[in-house]
Amino acid sequence: MPVRQLAENVVNRIAAGEVVERPASVVKELVENALDAGARRIEVLTDGGGRRLIRVTDDGDGMTRADLALAVERHATSKLPDDDLMTIATLGFRGEALPSIGSVARLTITTRHAAEPNAWSITVDAGAKSDVKPAALSEGTRVEVQDLFYATPARLKFLKTDRTEAEAIRDVVRRLAMSRPDVAFTLAGEERAPVTWGAALPGAAGQLARLGEVLGAEFRVNAVAVHGGREGLSVEGYAALPTYTKGNGLSQYLFVNGRPVRDRLMLGAVRGAYADYLPRDRHPVVALFVAVDPRELDVNVHPAKTEVRFRDAGLVRSSIVRALQETLARDAQRAATTGGDATIAAFRPNAMPRRAWDWRASPARPNYPTEGANALTGFAEVAQAGFDVGAPSVDARAAALEAAPDLGDRPLGAARAQLHETYVVAQTRDGIVIVDQHAAHERIVYERMKAALEQSGVARQILLIPEIVELDEADVERLAARANELAKFGLVLEPFGPGAVAVSETPSLLGEVDAQALVRDLAEHIAEWDETLPLERRLMHVAATMACHGSVRAGRRLRGEEMNALLREMEATPNSGQCNHGRPTYVELKLSDIERLFGRK
């Protein structure tokens with residue numbers, strides 16, 4: 001078959017297939033053009049999920065008549081003044097977006113430059129360009145894309161429902177709005193009510209305000225500022241507390257030099273920084289902005305410009321991990337506000353129907369279970385249990401404790417009672433704190449083991465008689481292969497025949513420990529290990545498992561001194577706001593919230 005030159009319209013449609021994947025791709029290119037043009041206000045209107053109409057209007061610099069005629073030609077751009085691909089400082093630079101869109105849709109551009117007496121307009125219909133004509137527009141540029149992919153019907157078959165495509169457009173605009181809090185954005189369409197994000201003040205306060213508008217008020221109150229970087233690279237932004245997480249990784253927003261990206265290296269760094277705090281099925285919420293010299297970055301990796309490549313990937317990864325770890329170590333003693341909100345909601349009784357009030361029919365009155373029935377399930381029932389004559393109180397063993405007056409000024413207050421031999425209730429100056437004693441002590445033991453490992457190794461205690469633990473042969477082999485790593489944490493074991501191991505020493509930090517349960521848990525964890533994890537991360541998994549077995553168990557009665565000692569240790573321990581599995585170690589209820597429950601405010 002002979003070689004031949006492709007027709008121009010075919011070349012343009014092939015290029016469009018690389019740049020214009022779906023309506024959201026069109027919105028991304030047009031909004032980026034508006035930002036590069038210095039816009040301070042951008043409006044995006046869509047219809048049919050962007051299939052029927054996409055209109056992007058901005059108040060940027062606009063284009064002259066000559067620039068407009070050239071803008072719809074392939075490889076024409078105003079964003080590479082010296083043709084240097086190593087110093088790209090704009091979001092767009094390829095010069096392919098507008099001609100690619102015009103080759104598969106009906107594209108109309110209306111624009112006015114300050115130096116022109118009037119606006120100008122041009123239309124590109126499936127690659128066919130019209131003449132530049134006078135038009136009416138006060139300022140900036142308006143771009144309309146109608147009947148997307150009508151010139152390539154096969155591409156229409158791959159589009160999803162209008163609602164799905166509209167949601168993809170919303171995600172694109174959200175990310176760009178997060179990167180530029182100084183610009184006002186409006187997104188409207190028939191799929192949902194219009195939303196507007198007003199221009200925010202410059203600086204960190206304005207950035208957090210925009211992130212709160214886009215990601216929600218819960219993120220704003222649970223976010224902590226991130227600052228870091230070295231060697232000319234900076235990492236800024238906000239990261240949510242480890243107790244405020246999501247079930248997927250879609251809430252990790254990453255930006256490089258203002259460009260929204262989905263980079264595996266950066267996502268892996270975020271995951272690694274949170275590894276000490278979260279279980280595998282939970283994901284952190286972050287918005288990180290990385291700034292680096294453009295010469296150290298390649299943004300020309302993918303036509304859609306959503307991927308980047310760093311010259312020094314190790315520097316980027318270590319900078320992100322260190323910045324996040326320092327931030328979490330500084331603020332991880334806090335617990336997410338969602339814990340307190342959920343607790344307050346649990347105290348509220350269900351709404352009663354309007355009729356003569358009868359305390360026996362109150363939904364807040366507990367139904368004490370008969371044989372085979374379920375036990376008490378909510379705080380609302382517990383709150384009323386003490387007033388039900390003849391029935392047991394919530395916990396008859398809970399006793400008030402007298403504490404030094406100055407302890408009320410401490411962050412976690414003074415211990416007042418222990419409920420169900422599991423929860424420590426403390427009083428602060430302006431509220432109460434409820435602590436899960438097992439989760440809190442688990443974090444304390446874990447941090448002790450980490451510190452001991454860094455200094456001189458975890459001290460061991462020799463068992464008088466070795467403990468024999470029977471396991472599957474595969475588990476025995478895995479434990480034997482990790483014997484040296486386990487010994488660093490004070491757990492010494494060796495194979496004892498084909499289906500057992502002998503434990504001769506255990507970590508002294510754990511005190512009396514059930515070696516059988518500990519070894520079996522470790523065997524299960526090691527079987528699930530990802531061998532690509534660094535040795536340090538695998539060792540931390542071992543420490544977390546051991547800490548769980550060496551902590552104060554739920555169901556153990558604590559004396560007043562022990563409760564206060566636990567609270568003081570939590571205050572002095574890094575990351576004490578959550579246990580090793582990502583669960584909160586305490587919830588705090590402000591006095592004002594409690595007063596509202598009783599109608600005092």
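Because the structure is predicted, anything quoted here is derived from the model rather than measured.
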Open item on the list: Does Met178 form a side chain to side chain contact (heavy atoms under 4.5 Å, CB included) with Leu211? I'd like the steps, not just the answer.
Closed with: CA-CA 6 Å; Met178 291 164 65; Leu211 293 176; 3.6 Å; yes
Task: Thr506 side chain to Gln461 side chain, donor-acceptor N/O pair below 3.5 angstrom - done: yes
TODO: Taking Arg174 for its side chain and Val214 for its backbone only, find out whether a donor-acceptor pair lies under 3.5 Å.
DONE: yes
- [ ] Evaluate salt bridge (Lys or Arg N to Asp or Glu O under 4.0 Å) for Glu588 paired with Lys590, printing each intermediate quantity in order.
- [x] CA-CA 6 Å; Glu588 183 176 7; Lys590 294 298 184 182; 3.0 Å; yes
Task: Short side-chain donor-acceptor distance under 3.5 Å, Tyr423 and Asp436 - done: no
Open item on the list: Thr428 vs Leu591, test: side chain to side chain contact (heavy atoms under 4.5 Å, CB included). Steps then yes/no.
Closed with: CA-CA 9 Å; Thr428 62; Leu591 190 58; over 6 Å; no
- [ ] For the pair Thr164 (side chain) and Lys160 (backbone), establish whether a donor and an acceptor sit closer than 3.5 Å, ignoring hydrogens and angles.
- [x] no
Task: Audit row: Glu167, Arg163, salt bridge (Lys or Arg N to Asp or Glu O under 4.0 Å) steps and yes/no - done: CA-CA 6 Å; Glu167 191 58 37; Arg163 180 172 292 277; over 6 Å; no
TODO: Would you confirm whether Asn222, through its side chain, and Glu218, through its main-chain N or O, come within 3.5 Å as a donor-acceptor pair?
DONE: yes
TODO: Answer yes or no: is there a donor N or O on one side and an acceptor on the other, between the side chain of Arg416 and the main chain of Gln427, under 3.5 Å?
DONE: no
Open item on the list: I'd like to check Phe185 versus Val173 (side-chain heavy atoms, cut-off strictly below 4.5 Å). Are they in contact?
Closed with: yes
- [ ] Take Arg482 and Glu485 through the test salt bridge (Lys or Arg N to Asp or Glu O under 4.0 Å) and record every step on the way to the result.
- [x] CA-CA 5 Å; Arg482 305 291 181 185; Glu485 297 173 15; 3.2 Å; yes
Open item on the list: Please enumerate all residues that pass ring pair (Phe, Tyr, Trp, His ring centres under 6.0 Å) together with Phe255, with sequence neighbours excluded.
Closed with: Phe289
TODO: Would you list the pairs meeting salt bridge (charged side-chain N to carboxylate O under 4.0 Å, His left out) in which at least one residue belongs to residues 200-216, sequence neighbours left out?
DONE: Arg210-Glu213
Open item on the list: Is there a side-chain contact between Val519 and Val503 in this structure, where contact means two heavy atoms from C-beta onward sitting under 4.5 Å apart?
Closed with: yes
Open item on the list: With a sphere of 6.0 Å drawn around CG of Asn484, does it hold more than 12 non-hydrogen atoms of other residues, nucleotides or ligands?
Closed with: no
Open item on the list: Side chains of Arg230 and Ser318 only: does a donor on one sit below 3.5 Å from an acceptor on the other?
Closed with: yes
Open item on the list: Whether Asp475 and Arg478 form a salt bridge (side-chain N of Lys/Arg under 4.0 Å from carboxylate O of Asp/Glu) is what I want to check.
Closed with: yes
Open item on the list: Could you check whether any side-chain N or O of Ser576 sits under 3.5 Å from a backbone N or O of Met570, counting only pairs where one atom can act as donor and the other as acceptor?
Closed with: yes
Open item on the list: Donor-acceptor check, side chain of Glu562 to backbone of Arg559, threshold 3.5 angstrom: yes or no?
Closed with: yes
Task: Whether Arg443 side chain and Asn575 backbone form a donor-acceptor pair below 3.5 Å - done: yes
- [ ] Using only heavy-atom distances, determine whether the side chains of Gln418 and Gln437 contain a donor-acceptor pair under 3.5 Å.
- [x] yes
Task: Side-chain heavy-atom pair Leu407, Arg568 within 4.5 angstrom cut-off - done: yes
Task: Results of ring pair (Phe, Tyr, Trp, His ring centres under 6.0 Å) for Phe219 - residues two or more places apart only - done: none
Task: Salt-bridge criterion met for Glu326 and Arg322 (N-O under 4.0 Å) - done: yes
- [ ] State whether a side-chain donor-acceptor pair under 3.5 Å links Tyr274 with Arg282.
- [x] no
Open item on the list: Looking at Ala204, is its backbone amide N or carbonyl O close enough to the side chain of Tyr238 to form a donor-acceptor pair, meaning the two atoms are under 3.5 Å apart?
Closed with: yes
- [ ] Check whether any side-chain heavy atom of Val292 sits under 4.5 Å from a side-chain heavy atom of Val316, and report yes or no.
- [x] no
TODO: Would you check if the side chain of Thr422 reaches a backbone N or O of His420 as a donor-acceptor pair within less than 3.5 Å?
DONE: yes
Open item on the list: With a 3.5 Å distance limit and no angle check, can you tell me whether Glu571 reaches the backbone of Leu412 through a side-chain donor-acceptor pair?
Closed with: yes
Open item on the list: Taking the side chain as everything from C-beta on, heavy atoms only, tell me whether Thr186 gets closer than 4.5 Å to Ile42.
Closed with: no
